Amino acid sequence: MQQANTEPKRISLLGSTGSIGVQSLDVIRRLGYRAEILVAKSNIKLLEQQAREFSPSMVVIENADCYPALKAALADTSIRVEAGPTAVTAAAMHPATVLNAIVGIAGLRPTVAALQAGNPVALANKESLVTGGKLVMDLAEKKGVPLYPIDSEHSAIWQCLGAGKRDQLSKIILTGSGGPFFGMTAEQLSEVTVEQALRHPNWAMGAKITIDSATLMNKGLEFIEAMWLFDLYPDQIEVLINRESVIHSAVEFQDGSVIAQLGVPDMRGAIQYALTYPDHLPLEGKRLSLADYGTLTFARPDTDTFLCLKTCMETARQGGLAPTVVNGANEQAVALFLDGKLPFIGIGELVTGAMRSVKTVDTCTLDAIEEADAMAREYVQIHMEHYARRDR
């Protein structure tokens, strides 16, 4: 808890109504921190509930169409209400620690804005680094602003690196559960439904990231994110499936020593560590019992069947805006799959096709990144017709 006679840490929470956002508020509540600003996409009802409990100075709803209803709902409070993408970016510049839990490339501009304002960033929005890694990391270094990872895997790597000297690192071991379709063939994946893809075996997450876990795209995005966060070459990253999601990731040093971070599948630990670093403060919840698990299982990922991971690893080696292209193609393809307009197997095929076909400039600016993202989405929209014809 907060020490006596100190100001509570102020947090601007972007994406407060999503899975990470809700868990972050639980951590903020337990730590006694102040939720200074709350930002949500369109969930008016939940945002109003959060605003009434945490009394932020301001709330922002990204979907401007939701502004009148939110404004009316909070009319009896002194909470300032803003709306639209520009307001989201402005919120990230307010003096506070910015916890960015926005889903997708929409989180990039707020991350950049927060760093430009000199705000520490606790980053759950992996797309900020996947699409704008060089831009973000260069800006963080220039401003001297800390960037704290919230993904459980990157938090684990961050913690494990403290066990040795950085220049004696051999590689990192990036773990993943393998998702709900581990061991399936491409033929079996062609019959997968949305309902099946949303049943993750270990983690409770939002729809988009759950689908990314099912395709192993999430692990591919984390591969790219890890390169930027920890200044690694692709060959220094090994992806390993740990079905139980107990080993969150590990690092190997030059002498062969492997240091791993273990815990139950609960994002609150990674969230809290990002907000309280370097302290490991008390956290209520289930504790890991290895005896209860009995056995932990490991396997290499099947990158020939799960094309998204293979494609992300290839774009990591290409560099430039290639990762932006695969991210944009994936965001569009996942949305189509969730709407029932694209088969599950089509996600990986379209992501791979976009990587091979969409040509971009070799400039890492916000405008160039967003242009590459738009071209990737257009590619998916055009080529999804192939799947519609196939079903006739």
Side-chain angles (χ1 to χ4, degrees), residues 97-100 111-112 114-115 118-176 218-242 245-263 267 269-281 298 300-301 309 312-320 323 364:
T97 295
V98 175
L99 198 165
N100 188 350
T111 295
V112 170
L115 294 173
N119 290 329
V121 175
L123 192 62
N125 174 256
K126 59 177 62 67
E127 291 84 0
S128 289
L129 290 174
V130 170
T131 63
K134 178 173 174 53
L135 177 66
V136 170
M137 297 307 293
D138 284 354
L139 185 57
E141 182 177 7
K142 177 182 177 182
K143 293 289 186 176
V145 178
L147 195 64
Y148 303 125
I150 282 182
D151 270 346
S152 61
E153 295 82 358
H154 302 92
S155 177
I157 294 162
W158 180 30
Q159 294 176 59
C160 292
L161 285 171
K165 293 183 178 179
R166 182 63 177 78
D167 60 2
Q168 294 174 358
L169 177 71
S170 177
K171 67 177 180 181
I172 67 169
I173 301 169
L174 185 68
T175 61
N218 194 48
K219 207 51 49 185
L221 297 177
E222 290 171 359
F223 186 101
I224 299 167
E225 184 181 9
M227 286 177 54
W228 288 110
L229 275 173
F230 305 112
D231 193 21
L232 301 169
Y233 295 107
D235 291 343
Q236 289 179 286
I237 306 174
E238 176 187 353
V239 178
L240 184 68
I241 303 300
N242 170 223
S245 297
V246 166
I247 297 181
H248 296 311
S249 277
V251 303
E252 179 185 286
F253 291 100
Q254 293 173 350
D255 62 357
S257 296
V258 177
I259 311 297
Q261 191 265 333
L262 287 70
M267 283 301 302
I271 294 166
Q272 178 167 295
Y273 190 65
L275 295 180
T276 63
Y277 173 80
D279 295 320
H280 285 275
L281 298 183
F298 305 95
R300 292 185 175 87
L309 175 56
C312 283
M313 294 168 74
E314 187 173 336
T315 59
R317 292 180 171 85
Q318 289 182 20
C364 191

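Below, each value reflects all heavy atoms present in this structure, side chains not excepted, and no hydrogens, waters or symmetry copies. Worth saying up front: this structure is predicted, and the values here are computed from it rather than measured.
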Subject >> Aromatic ring pairing His280/Tyr273, orientation class (parallel under 30°, perpendicular over 60°, tilted between) >> reply: parallel
Original post:
Taking the side chain as C-beta and beyond, is there a heavy-atom pair between Ile247 and Leu262 under 4.5 Å?
Top reply: yes
**OP:** Output all residues satisfying side-chain hydrogen bond (donor to acceptor under 3.5 Å, both in side chains) with Thr97, sequence neighbours left out; order by chain, then residue number.
**Re:** none
Subject >> Polar side-chain atom of Asp255 near backbone of Ser257 as donor-acceptor pair, under 3.5 Å >> reply: yes
Subject >> Student check: side-chain heavy atoms of Asp231 and Met137 closer than 4.5 Å >> reply: no
Original post:
What's the spacing between Leu99 CG and Leu123 CG if we round to 0.5 Å?
Top reply: 9.0 Å
Original post:
Going by heavy atoms in the side chains, are Val239 and Phe223 under 4.5 Å from each other?
Top reply: yes
Original post:
Could you give the distance from CG (Leu174) to CE (Met227), rounded to the nearest 0.5 Å?
Top reply: 12.5 Å
Original post:
Does Ser155 offer a backbone N or O that forms a donor-acceptor pair with the side chain of His248 under 3.5 Å?
Top reply: no
**OP:** For residues Ile237 and Ala226, report the shortest heavy-atom separation together with the two atoms involved.
**Re:** CD1-CB, 4.2 Å
**OP:** State, to 0.1 Å, how close Ala250 and Cys160 come at their nearest heavy-atom pair, and which atoms those are.
**Re:** CA-SG, 4.4 Å
Subject >> Rounded distance [0.5 Å steps], NZ in Lys134 versus CG in Leu129 >> reply: 13.5 Å
Subject >> salt bridge (charged side-chain N to carboxylate O under 4.0 Å, His left out) between Lys219 and Glu222, worked out >> reply: CA-CA 5 Å; Lys219 207 51 49 185; Glu222 290 171 359; 2.6 Å; yes
**OP:** Look up atom CG in Asn218 and atom CD in Glu153, then write down how far apart they are to the nearest 0.5 Å.
**Re:** 7.0 Å
Original post:
Does any non-hydrogen side-chain atom of Ser249 lie less than 4.5 Å from one of His154?
Top reply: no
**OP:** Specify the closest pair of heavy atoms between Gln272 and Leu281, including all atoms of both residues, with the distance to one decimal.
**Re:** NE2-O, 2.9 Å
Original post:
Would a 4.5 Å heavy-atom cut-off, applied to side chains only, mark Val145 and Leu139 as touching?
Top reply: no
Original post:
Are any of the side-chain heavy atoms of Pro149 and Trp158 separated by less than 4.5 Å?
Top reply: yes
**OP:** To the nearest 0.5 angstrom, please state how far the CE atom of Met313 sits from the CG atom of Leu309.
**Re:** 5.5 Å
Original post:
Do you know which two heavy atoms are closest between Ile150 and Ala122, and how far apart they sit?
Top reply: CD1-CB, 3.7 Å
Original post:
When you look at CD of Gln318, are more than 12 heavy atoms from neighbouring residues, nucleotides or ligands closer to it than 6.0 Å?
Top reply: yes
Subject >> Where Val130 and Pro323 come nearest, the two heavy atoms and their spacing >> reply: O-CB, 3.3 Å
Original post:
Just wondering, do Val251 and Ile157 contact through their side chains at under 4.5 Å, heavy atoms?
Top reply: yes
Subject >> Non-hydrogen side-chain atoms of Leu232 and Lys171 separated by less than 4.5 Å >> reply: no
Original post:
Which heavy-atom pair separates Ser152 from Ala270 by the least distance, and what is that distance?
Top reply: CA-CB, 4.2 Å
Subject >> Pair Thr175-Asn242, side-chain donor/acceptor within less than 3.5 Å >> reply: no
Original post:
CD1/Ile172 to CD/Glu252 distance, rounded to the nearest 0.5 angstrom?
Top reply: 11.5 Å
